[in-house]
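Remember, it's a predicted structure, so these values are computed and weren't measured experimentally.
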Amino acid sequence: MAGQSAFDKQQVQQSSHSEGSGLLEHLNLPPVVIRFIKKNKKNLQIGIIAVVAVVVGLILYSSYRSNRIQKASAALAVAMQAAEPERHEALIGVAADFLGTPSAHWANAELAHEQMKAGKFKEAGEQYWAVRKKISGSDPLFALLTFGLAQANEAAGLFEAAIIEYKALQKINGYEREGVAGVARIYEFQGEVKQALAVYEEYQATFTGQNQNDPAKVEVDEKIARLKAMQ
């Protein structure tokens, strides 16, 4: 009788099964883990495939978004350098073609600035507000939009709304001065000199130590003296 071939199908299958089964043991995994893996082999394979698919998808999306942001930045730079009326149309194009990107937000902010220059204060305020609600408070554009919204509301005669925005500016580092000046200016315009004076005096108290010689404090001191003279 001829000897059994080394390539006998059954022997190969048994050998393969034996090696595959022993691989987990060679990894020094606990018996309970080995049993779990063997029992859920198919589900684990599906899970691994799913995880790999998600990771690859995220990498591709990240690459796509990065490329889109770069194109948006380039388009915004070109739009900002253009002369009217091309500049206006280019900004609209950036806002529409790159929706959701930082450059699109800046383009919309610039369009709001144009409305301010044209005396369309209410429309400008609505534009500033629409852009601001799409970004986070940590975005550098947030403070600028708040300032723009405050000015638009003030120019439109919406003084209560303007005061709210100016007070919000007082809480943003680097914009305290604009916020104080805005609130006090509105109070003074409304004939509320005491309230305007109180706003400046509260701000004045924040200057201590070396800040006593700050140009901003000198300006506040002058405004306080002027308002006191009006009483």
Taking [Y] as the starting point, is it possible to reach [X] by hopping between hydrophobic residues whose side chains are less than 4.5 Å apart?
X      : Y      : answer
Val56  : Ile46  : no
Val78  : Ile92  : no
Ile164 : Trp129 : no
Leu141 : Ile69  : no

Would you say Gln204's side chain and Asp221's backbone share a donor-acceptor pair under 3.5 angstrom?
->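 No; zero donor-acceptor contacts below 3.5 Å.
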Between Glu188 and Ile186, is there a donor-acceptor pair closer than 3.5 Å when you use the side chain of the first and the backbone of the second?
->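 No; judged by distance alone, with no hydrogens or angles, the pair does not exist.
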What's the separation between atom [atom1] in [X] and atom [atom2] in [Y], rounded to the nearest 0.5 Å?
X      : Y      : atom1 : atom2 : value
Leu144 : Trp106 : CG    : CH2   : 5.0 Å
Ile163 : Tyr187 : CD1   : OH    : 4.5 Å
Gln151 : Glu178 : CD    : CD    : 9.0 Å
Leu197 : Glu192 : CG    : CD    : 12.5 Å
Phe207 : Lys217 : CZ    : NZ    : 8.0 Å
Lys122 : Leu158 : NZ    : CG    : 7.5 Å

List the atom of [X], the atom of [Y], and the distance in Å for their closest heavy-atom pair.
X      : Y      : answer
Asn153 : Ala161 : ND2-CB, 3.6 Å
Ser103 : Val94  : O-CG1, 3.9 Å
Ala196 : Ala184 : CB-O, 3.5 Å
Ala112 : Ala124 : O-CB, 3.6 Å

Close aromatic pair by centroid cut-off 6.0 Å: Phe98 and His105 |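 Phe98 vs His105: aromatic centres not under 6.0 Å.
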Does Lys71 NZ have over 12 foreign heavy atoms under 6.0 Å away?
->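 Not more than 12 within 6.0 Å, no.
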Got a sec: does the CD of Glu160 have more than 12 other heavy atoms crowding it under 6.0 Å?
->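 Result for CD/Glu160: open.
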Quick check: do [X] and [Y] have side-chain heavy atoms less than 4.5 Å from each other?
X      : Y      : result
Tyr203 : Arg177 : yes
His88  : Leu111 : yes
Phe121 : Met116 : yes
Glu114 : Arg87  : yes
Glu154 : Phe189 : no
Val51  : Ile48  : no
Leu91  : Met80  : yes
Ile135 : Leu145 : yes

Thr206 and Glu176: side chain to side chain contact (heavy atoms under 4.5 Å, CB included), yes or no, with the steps?
-> CA-CA 11 Å; Thr206 64; Glu176 301 91 345; over 6 Å; no
So does Glu222 pair up with Arg226, basic N to acidic O under 4.0 Å?
->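 Salt bridge between Glu222 and Arg226, a charged N being under 4.0 Å from a carboxylate O: no.
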For Ser138 and Ser136, does a side-chain donor sit closer than 3.5 Å to a side-chain acceptor?
->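 A pair is found: one side chain offers a donor N or O, the other an acceptor, under 3.5 Å apart.
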Strictly by modelled atom types, are Thr146 and Arg132 linked by a side-chain donor-acceptor pair under 3.5 Å?
->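 A pair is found: one side chain offers a donor N or O, the other an acceptor, under 3.5 Å apart.
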